[in-house]
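Only one structure is covered here, and it is reproduced in the block below.
In what follows, chains carry the letters A, B, and so on, assigned in the order in which the sequence lines appear, proteins first and then strands, with residues in each chain numbered from 1. Since we're looking at a predicted model, the values are computed, not measured.
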Protein chains: 2
Amino acid sequence: MTPQRVSLITLGVEDLARSRAFYEALGWQAADQAPGVVFFRLHGMALGLFGKDDLAKDQGRPGAPLGIGAVTLAQNFQDRDGVDAAYQAAIDAGATELKRPEEVFWGGYSGYYSDPDGHVWELAYNPFWTVNDDGTLTIPDPQRE
Amino acid sequence: MTPQRVSLITLGVEDLARSRAFYEALGWQAADQAPGVVFFRLHGMALGLFGKDDLAKDQGRPGAPLGIGAVTLAQNFQDRDGVDAAYQAAIDAGATELKRPEEVFWGGYSGYYSDPDGHVWELAYNPFWTVNDDGTLTIPDPQRE
């Protein structure tokens, strides 16, 4: 059995300085320093930036082209205004707009942008899930009738 | 400013039933049910499985091919034995081996496998980071001399 957890999300990037500057422009602060990699603390986990070539090598397939797009990282908010404000902040930081925030079919409100390498971020308000005041997410048990 | 958090990691998949079976074979338990999507609770966040075509549409680019590989999701462990046991469990569940766990240049111990769609997981022991007993990760401040 493997534990039901994620400790670290690593994004492969073309230009570490460019990517770090982008996430810092979002207001994020880097933590641990190591050569060739940048880490940001999240809640009980971390997000890392790492050169794409180095990542391919680390994955045991040096030189392999690594694709981007089929993983979305979402930030959830307590309301629509939070989504709108963060979306504008990301665009101001140089993000590429994919879909401006809008009401979506599942009953929430969501927009998408991509970072300098095309990594996809969703900003969402989901009325069925709880974003706690510390920023963590709680998925409530389904209401049984 | 955007908050320094990730609420949800969504993996675009070809076959939802196949992917769900794979993660359940790892010992994971699905939470919230909604048509066409499967969610697993993590610590204060969630991981979701969602059809790749649906994901492209949701991202505001229907029909676009989404690439895989440049995002690594890591599970950290308190020791090397934890890495080895989880790696074997993943292979037994049908994962594709990318790199068997081994000592790595940064002073840790790490292996990689991919899930049925090629999504990349790293299993690692990092002697410089703390995996707490509840499974959360703490990046300590650097030791200053």
Side-chain angles (χ1 to χ4, degrees), chain A residues 1-12 26-29 31-34 39-47 52 55 58-61 64 66-76 86 89-90 98-99 104 106 112 117 119-120 122-124 128 131-132 135-139 142, chain B residues 1-12 26-29 31-34 39-47 52 55 58-61 64 66-76 86 89-90 98-99 104 106 112 117 119-120 122-124 128 131-132 135-139 142:
Chain A
M1 294 298 157
T2 76
Q4 194 162 326
R5 68 171 174 248
V6 171
S7 309
L8 172 66
I9 302 164
T10 300
L11 305 181
L26 294 181
W28 290 30
Q29 291 195 305
D32 199 15
Q33 298 305 315
F39 293 112
F40 297 97
R41 285 190 184 96
L42 306 176
H43 296 286
M45 56 174 299
L47 183 137
K52 245 178 126 171
L55 183 60
D58 207 49
Q59 289 177 355
R61 42 187 179 179
L66 303 183
I68 286 179
V71 178
T72 293
L73 303 177
Q75 297 185 316
N76 278 35
L98 292 176
K99 196 192 74 172
V104 285
W106 47 265
Y112 283 94
D117 286 276
H119 291 295
V120 181
E122 179 184 18
L123 304 182
F128 310 108
V131 177
N132 305 299
T136 58
L137 176 78
T138 299
I139 301 183
Chain B
M1 295 299 157
T2 77
Q4 193 160 326
R5 68 170 173 249
V6 172
S7 310
L8 172 66
I9 301 164
T10 300
L11 305 181
L26 294 181
W28 290 30
Q29 291 195 306
D32 198 16
Q33 299 303 316
F39 294 111
F40 297 96
R41 285 191 184 96
L42 305 177
H43 296 285
M45 56 176 297
L47 184 137
K52 247 180 125 171
L55 183 59
D58 207 49
Q59 289 177 355
R61 42 186 179 180
L66 302 184
I68 286 179
V71 178
T72 293
L73 303 178
Q75 296 186 316
N76 278 35
L98 292 176
K99 195 191 76 172
V104 286
W106 48 265
Y112 283 94
D117 286 274
H119 291 295
V120 182
E122 180 185 18
L123 304 182
F128 309 107
V131 177
N132 306 299
T136 58
L137 176 78
T138 300
I139 301 182

Inset, instruction - Evaluate the side chain to side chain contact (heavy atoms under 4.5 Å, CB included) criterion for residues B:Ile9 and A:Thr72: first the C-alpha distance (whole Å), next the side-chain angles of each, then the deciding distance (0.1 Å), finally the verdict. - result: CA-CA 6 Å; B:Ile9 301 164; A:Thr72 293; over 6 Å; no
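Contacts with chain B were tallied for A:Gly135, A:Ala64, A:Ala90, A:Ala124; A:Gly135 has the most, counting heavy-atom pairs under 4.5 Å. The residue among B:Ala46, B:Ala86, B:Ala74 with the most heavy atom pairs within less than 4.5 Å of chain A is B:Ala74. Interface remark: of the candidates B:Leu55, B:Leu11, B:Val131, B:Val71, B:Val71 forms the most heavy-atom pairs closer than 4.5 Å to chain A. Heavy-atom pairs under 4.5 Å with chain A were tallied for B:Leu42, B:Leu26, B:Thr136, B:Leu123; the largest tally goes to B:Leu26. When each of A:Thr138, A:Asp117, A:Leu47, A:Leu137 is checked for heavy-atom pairs under 4.5 Å with chain B, A:Leu137 comes out on top. For the set A:Asn132, A:Leu73, A:Ile68, the entry with the most heavy-atom pairs within less than 4.5 Å of chain B is A:Ile68.
Note: A:Arg5 CZ to B:His43 NE2 = 6.0 Å, rounded to the nearest 0.5 Å.
A:Asp58 touches chain B through backbone and side chain together, each having a heavy atom under 4.5 Å away. Proximity to chain B (any heavy atom under 4.5 Å) is restricted, for A:Val120, to the side chain, taken from C-beta onward.
Taking all atoms of both residues into account, the shortest heavy-atom contact from A:Ala89 to B:Thr2 is CB-CG2, 4.1 Å. Closest non-hydrogen pair, B:Gln4 versus A:Phe40, comes out as NE2-CB, 3.7 Å. In plain terms, the two heavy atoms of A:Ala70 and B:Lys52 that are nearest each other are CB-CE, 4.1 Å.
The main-chain N or O of A:Pro3 is found under 3.5 Å from a side-chain atom of B:Gln75 such that the two form a donor-acceptor pair.
Looking at B:Gln59 and A:Glu122, their side chains never come closer than 4.5 Å, going by heavy atoms from C-beta outward.
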